[in-house]
Protein chains: 2
Amino acid sequence: MTERKLSSTNYRNQSFLEEKCTLNELLDLVSKRWFTDVLFCIEEGHNRFKLIKDELKYISDTILSDRLKLLEKYQLITRTEFDEIPPKVEYALTEKGEELSTLLDSMCEFSEMLIPQLHS
Amino acid sequence: MTERKLSSTNYRNQSFLEEKCTLNELLDLVSKRWFTDVLFCIEEGHNRFKLIKDELKYISDTILSDRLKLLEKYQLITRTEFDEIPPKVEYALTEKGEELSTLLDSMCEFSEMLIPQLHS
DNA sequence: CAGTATCCCCCACGATACTG
DNA sequence: CAGTATCGTGGGGGATACTG
């Protein structure tokens with residue numbers, strides 16, 4: 001087993017803190033509920049809190065807020081605050097965000113091949 | 001937003017059951033603890049229950065058993081039972097399993113670019 | 001408009017014990 | 001060797017109420 005792949009295991013067990021999580025950390029991130037939806041939503045131009053909330057109509061404020069923070073923390077989106085009343089904030093994908101979106105598209109394609117037959 | 005991407009959202013909210021989950025179902029799957037580790041472990045030739053358990057030394061029987069079942073259910077691995085005493089079972093990746101492993105390699109590479117700076 | 005603060009619930013995970 | 005059965009808990013997720 002390669003070191004690269006082992007590292008993710010070690011991280012999760014806090015056995016070898018020097019090693020970075022990377023893959024598992026990324027998977028934990030993108031598998032959080034609504035995470036990919038918010039990402040795709042911003043990619044398609046819904047660039048404000050309310051616009052995203054309306055588009056993903058069942059998402060809660062709490063979760064949307066959290067997911068936006070995470071996306072920003074990992075530098076997948078930028079957050080631009082305008083000094084206006086009422087408040088105005090705009091979100092946009094970064095290059096890394098675009099790259100992740102592309103990767104998720106591949107995953108999506110694969111999943112469409114893998115999953116459907118199980119539900120038939 | 002494309003239908004393809006929306007469908008995952010709808011699935012999770014059980015709003016439109018006709019639509020398949022696919023992406024989110026796949027992400028839920030691969031983000032389960034130890035899932036990718038077991039997949040990679042089998043890919044690298046550790047093809048029996050005990051071999052995997054020894055390689056991933058902190059995994060519990062319960063979880064390993066569950067992950068193997070899931071991998072088999074999604075036809076990512078095959079399970080071959082030999083009629084011997086003591087029992088002997090061998091696991092091997094399918095083509096779909098290999099394909100998923102390749103996809104995860106891309107994700108891993110991306111994660112190594114994305115994550116490390118956050119922990120420094 | 002763009003969020004925070006609280007409280008609550010459920011289930012994935014894990015530890016332990018057991019079996020054909 | 002290759003698992004299953006059972007039980008306990010921690011944290012992610014969601015509903016609701018509130019704020020600058």
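What's counted below: heavy atoms across the whole structure, side chains too, no hydrogens, waters or symmetry copies.
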Is a side-chain donor-acceptor pair under 3.5 Å present for B/Ser101 with B/Glu43? yes
What is the separation between atom CD1 on A/Ile59 and atom P on D/dA15, rounded to the nearest whole Å? 11 Å
Should A/Trp34 be listed as having a side-chain N or O under 4.0 Å from OP1 or OP2 of D/dG12? no
Looking at B/Ser31 and B/Asp28, would you say the former's side chain and the latter's main chain have a donor-acceptor pair under 3.5 Å? yes
Pair listing, salt bridge (charged side-chain N to carboxylate O under 4.0 Å, His left out) test, anchored in residues 74-83 of chain A, at least two apart: A/Arg79-A/Glu81
Where DNA chain D forms runs of at least three Watson-Crick or G-U pairs (i with j, i+1 with j-1, under 3.5 Å), the stems are C:1-20 with D:1-20
Distance in angstrom units between B/Asp28 CG and C/dC10 P, rounded: 19 Å
Please tell me whether B/Thr80 and B/Glu90 have a donor and an acceptor in their side chains that are separated by less than 3.5 angstrom. no
Whole angstrom value for the distance that separates P of D/dG12 from CZ of A/Phe35: 14 Å
For B/Asp54, is there an ion pair with B/Lys50 - N to carboxylate O distance below 4.0 angstrom? yes
Within the side chain of B/His46, is there an N or O that forms a donor-acceptor pair under 3.5 Å with the backbone of B/Cys41? yes
Rounding to a whole Å, what distance do you find between B/Leu27:CG and D/dG12:P? 17 Å
Beyond-backbone contact of B/Phe110 with A/Leu26, side-chain heavy atoms, under 4.5 angstrom: yes
To the nearest Å, give me how far apart CG (B/Leu29) and P (C/dA12) are. 12 Å
Nearest whole Å is fine: how far is C/dC7 P from A/Ile63 CD1? 17 Å
Whole angstroms only, please: what is the CG-P distance between B/Asn24 and D/dG12? 18 Å
If the sugar-phosphate is the primed atoms plus P, OP1 and OP2 and the base is the rest, what is the B/S/- string for nucleotides 1-10 of chain D, using protein heavy atoms under 4.0 Å? BSBBB-----
Rounded to whole Å, how long is the line connecting atom CG of A/Leu64 with atom C1' of D/dA15? 15 Å
Taking the side chain as every heavy atom from C-beta outward, state whether B/Trp34 and B/Leu64 have any pair of such atoms under 4.5 Å apart. no
Sub-3.5 Å donor-acceptor pair from the side chain of A/Lys53 to the main-chain atoms of A/Ile59, do we have one? yes
